[in-house]
Amino acid sequence: MKQSYSYFQRRQKSLLFGASLYVILLVLAHSTLPSIHVWLMAAVFSVAMNFTYVTEAYWGKAHFGIEFGIAATLIVASILGVLVSPVFVIAAIFAHGLWDISKHFGAGVPFLSWYTLSCFCVDVMYGGVLALYWWANY
């Protein structure tokens, strides 16, 4: 019997490379661009990270409704972070971290353990840095 692999399980090296490069470029962008761009970059980061689980659910034909609903909610919050208040994008990033750790314990579409734990750490640290930045500047 042929073993079935998930969409991203077959692409683990590409996923690891892409996610790592993305976070490194995000940090470099924050350190080199004027501070006015911080919230726009945070929102783009938050929106982009919501497509991974939706893609996995789509290709795996399981849990698409819950993955899409959570992603849509977090994307809307991220956009509100740019249009209304940065607090929304900070909350969206923290909420995504909570979803990552929930996935690690079995919620939604099954995903690679190393990815969910790494994403949780990045989301919590980045959300914390953004919260401190917001608190110090607003």
Side-chain angles (χ1 to χ4, degrees):
M1 179 187 247
K2 185 177 177 182
Q3 186 173 4
S4 176
Y5 292 99
S6 72
Y7 180 80
F8 283 109
Q9 190 173 12
R10 292 188 312 263
R11 296 163 177 84
Q12 283 191 60
K13 289 181 184 177
S14 299
L15 180 62
L16 178 60
F17 176 76
S20 300
L21 182 63
Y22 188 80
V23 171
I24 290 167
L25 291 175
L26 180 68
V27 171
L28 290 174
H30 276 314
S31 66
T32 59
L33 294 173
S35 63
I36 194 165
H37 299 288
V38 168
W39 302 116
L40 183 57
M41 287 186 298
V44 169
F45 171 80
S46 185
V47 168
M49 70 182 169
N50 281 289
F51 288 99
T52 305
Y53 300 144
V54 173
T55 301
E56 184 70 8
Y58 174 79
W59 286 101
K61 298 182 183 3
H63 304 284
F64 184 76
I66 185 92
E67 296 293 351
F68 182 81
I70 288 172
T73 301
L74 297 178
I75 287 169
V76 168
S78 300
I79 293 167
L80 289 174
V82 174
L83 300 176
V84 177
S85 171
V87 173
F88 285 101
V89 74
I90 294 168
I93 291 170
F94 275 124
H96 191 269
L98 292 175
W99 184 235
D100 291 323
I101 203 69
S102 297
K103 295 190 81 40
H104 181 70
F105 291 106
V109 69
F111 210 77
L112 305 165
S113 180
W114 65 264
Y115 185 88
T116 58
L117 290 176
S118 299
C119 196
F120 168 76
C121 291
V122 168
D123 292 347
V124 169
M125 287 189 289
Y126 187 47
V129 167
L130 289 173
L132 289 172
Y133 180 83
W134 176 78
W135 184 71
N137 292 294
Y138 291 89

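Quick caveat, the model's predicted, so the values are computed rather than measured.
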Gap separating the NZ atom of Lys103 from the CZ atom of Phe120, nearest 0.5 angstrom | 15.0 Å
Check whether more than 12 heavy atoms from other residues, nucleotides or ligands sit under 6.0 Å from atom CZ of Phe94, and answer yes or no.
-> yes
Any side-chain heavy-atom pair from Phe64 and Val54 closer than 4.5 angstrom?
-> yes
Closest non-hydrogen atom pair, Gly108 against Glu67 | CA-OE2, 3.5 Å
Could you pull out the closest heavy-atom pair between Ala43 and Ser78, with the gap in Å?
-> CB-O, 3.6 Å
I would like to know whether Trp59 and Val109 meet side-chain contact (heavy atoms from CB on, under 4.5 Å); could you show each step before the answer?
-> CA-CA 10 Å; Trp59 286 101; Val109 69; over 6 Å; no
Report yes or no: does Ser46 contribute a side-chain atom to a donor-acceptor pair with the main-chain N or O of Ala42 at less than 3.5 Å?
-> no
Going by chain and number, the hydrophobic cluster around Ile75 (ILVMFWY, side chain to side chain under 4.5 Å) further includes Val47, Phe51, Val76, Ile79, Leu80, Leu83, Val84, Phe88
What one should report as the nearest heavy-atom pair of Val82 and Trp39 is CG2-O, 3.8 Å
Mind checking the CG-CD1 spacing from Leu98 to Ile93? Nearest 0.5 Å is all I need.
-> 12.5 Å
Report yes or no: do Tyr53 and Asp100 form a side-chain donor-acceptor pair below 3.5 Å?
-> yes
Do Tyr133 and Tyr126 share a hydrophobic cluster (ILVMFWY, side-chain heavy atoms under 4.5 Å, transitive)?
-> yes
Nearest-0.5 Å distance, CZ of residue Phe105 to OG1 of residue Thr116 = 9.0 Å
Pairwise side-chain contact, Glu56 with Pro110, heavy-atom cut-off 4.5 Å (strictly under) = no
Among Val122, Ile101, Leu112, find the one that has a side-chain contact (heavy atoms from CB on, under 4.5 Å) with Leu117.
-> Ile101
Trp99 vs Asn50 side-chain heavy atoms within contact, under 4.5 Å | no
